[in-house]
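We name chains A, B, ... by the order of the sequence lines, and we start the count at 1 in each one.
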Amino acid sequence: MPTESERLRRRLEREKRAREEAERLLEAKSGELFDAAEQLRVQTTRARALAAAIEAASDGIALTDEAGVFTYMNAAHANMFGYTADELIGQPWAKLYTPAVTAMIEKDIMPGVFSSGGWRGELEGRARSGTSVAQEVVLSLRADGGLVCATRDISKRLARERETSELEARLLKAERQAALFTMGNAMAHDFNNLIAAISGYAILLKSELQEGSAQHQRVGRILEASEQAFDIVRSLEASRTEDVQKVSDIDLVQLLHTSLAITEGIRPSGIRINVDMPATARVRSNEVLLSRALVNITKNAFEAMQPEGTLSVRLGKEATAPFHGKAQRLRFGDQPGTPDFVMEIIDTGPGIPPDMLEAVFNPFTTTKAAKHESGLGLLSVKALADMKFASIELDTLPDAGTCIRILFFPRAQGLAAEAASLPFATVRPDGQIHVLVVDDDPSLGEVIVEILSRQGFTADLETNPLEALERIRSDAFHHDILVTDLTMPELSGDLLAQSVKQARPDLPVILYSGQGGYVPRDAIFADILTKPIPPERLKASIEQALHRRSLHDGNGP
Amino acid sequence: MKGMVFKFFEQHVAARLGEEALDDLLDHPGLSTGGAYTSVGNYPTSDLTCMVTTLSERTGLPVKDLLNTFGHDLFRNLAEGHSAIMAKFDDCLDMLAGIESVIHRDVRKLYNDAELPRFEVMTHERGQRIVLVYSSSRPFADLAHGLIQGALAYYGVSERAAVTRKDLSPDGTNAQFDIALLRSDAD
């Protein structure tokens, strides 16, 4: 049995151990509290940063409670619908939707949210103003039955997609129109030649028949029918040629900006655009052809470079050498003098293979992958040269890129209009005027020769323009005037005229064409006629040309 | 087990059997701490079991009765020390129904490492009857029984209360308590 003092001693020892234990626990707990406070401070800082990020996020974020009432909303979410966050917190989510959309969400979407824990899709919300808000929405179910809603306004994206789709449709339509235009020109040309031959021979035959006879009347019917056929072809041509023949003052800088804006919707995100242009650059050209060409050059460059690259657009007084003189060059529409402006559109694509270079401006030719449309776009670029609105150069270097250069020269006034105002001309004193007719279609050529012969001219036909050129070079002064068709396979009428002028600068050249589209408007022509050519119009044109030459030579009346 | 329970047990033994009996009990060589406990520490349940068993041997009282009596006093001490929590309840059955949802929730705020028994409410007829199922890793169904009786006494309804206990396991870790209150004259 322990004594009282022994018991007290033991109790004291127990109390001492208990106190020491309590102090140790207190110290440990104090350390834990400090750690917890520190952790809380870090978490609070992190939570505040997160809250600030959510508040500043461009995407909308909102929380609802179990009853579907907003308990939190960031500014982006509220602004998307034209409200402030304070105005929507405490309101049900249905406030942001029409009754029909609300019913659809409750019926079709919410059951899935509660069963799978989330939903993602697109919805049409309703802004405070009553306008619709196209939104992409992600809903997540929280443990307490409330929702986290992340949303993004996709109105602009949808509008951009629509614009891109419309633009692509417009470009496709333009390309189809260009193809039809080319085909139509070729057909018009051929039809005009045939009809011209028919009507020409009919005129000759009619003159040989007795007036008032049955045969005379029947040939008259043939001529009437021919004239109707010409009218049909002319009406078809008129609708196609009106836009592409009009010349107007154009600010190239503005046109380039517009073209880049149009193609912005189809620019792959990996392609950058560098622009180097003066404040303004005015030229006289055809706006329809030029804008179509710029859009197509840009579109082709995007497709060649995708997914990434750089498109450099430059406008200045002189050409640059983007490939340091190593590139292959293709050139159309040489013009004399110094260009007013040089526009260069340079891509960093794979370049054009050498064997494709000659064909790149032909219809239905493409250097791109098969999935893309054929390269009709460059046809409108070549048309600028064909119509003498500009000269075109194409520089390309494999694995480096392609530069399409458009050179704008000062436009000369056509002489055809001027000639119309001249007084009636006299012919040469001996009465013999030698006309060289050049047409690859013998039937039509022979008709013209026959008509000219009956009008008192001495006319020769040459069906090969190269041989015609050779005849003029070898006997420069045998002919007094050259009458030539435009479209011929060996050498076109305008190039024949240019070559002839080198040998005989004074030789008048009259050009005729059944092609209503790309008729050159060049000062070297004494007149430009359109098939069918009435015999009187042809005679007058020849006499006016000779009259003007005689005035120029100082032999005037 | 929380040191607070040990401290209440020391107070209970000292009050019922005297300081000497407590000193003798705390001198028992089987105790892991040498008999030194603080209310903020955590100690093995086996220490409490050892003390109750030793006390039973020394006094000749059954362990069951000792735990029951301790539970009775323990409830009063806990209630007096945590009056703010007790103020949340209207009556005894309301308090018993809120052991899990209110009391243990508050206990975990203070002692997040506390290993608490579960008191699952099977039936609750407000003001009349409640059926609770006690389950614990410790064999203290008798202690729980004492706590319930202490609660009835604290609210002054012992005399009109009928507690029916049904042991759900032989080791005292699971038991069902059906507590019914007879209507008082005031009702």
- Item | Non-hydrogen side-chain atoms of B:Asp24 and A:Arg7 separated by less than 4.5 Å | yes
- Query: Given that the side chain runs from C-beta out, which part of B:Ser39 has a heavy atom under 4.5 Å from chain A: side chain, backbone, both or neither?
  - Reply: neither
- Message: Testing the basics here: between A:Ala18 and B:Ala36, what is the closest heavy-atom pair and its distance to 0.1 Å?
- Response: N-CB, 3.7 Å
- Note on the structure: Nearest heavy-atom approach of A:Arg14 to B:Leu26 is NE-CD1, 3.3 Å
Just wondering, are more than 12 heavy atoms of other shown residues or ligands nearer than 6.0 Å to [atom1] in [X]?
X	atom1	answer
A:Lys16	NZ	no
B:Lys64	NZ	no
A:Glu38	CD	yes
A:Arg272	CZ	no
B:Glu159	CD	no
B:Glu115	CD	no

Kindly compute the distance separating [atom1] ([X]) from [atom2] ([Y]), expressed to the nearest 0.5 Å.
X	Y	atom1	atom2	value
B:Tyr37	A:Glu21	OH	CD	11.0 Å
A:Glu20	B:Thr38	CD	OG1	12.0 Å
A:Leu8	B:Asp23	CG	CG	7.5 Å

- Look at A:Arg10, A:Glu15, A:Arg11 and state which one has the largest set of heavy-atom pairs under 4.5 Å with chain B. A:Arg11
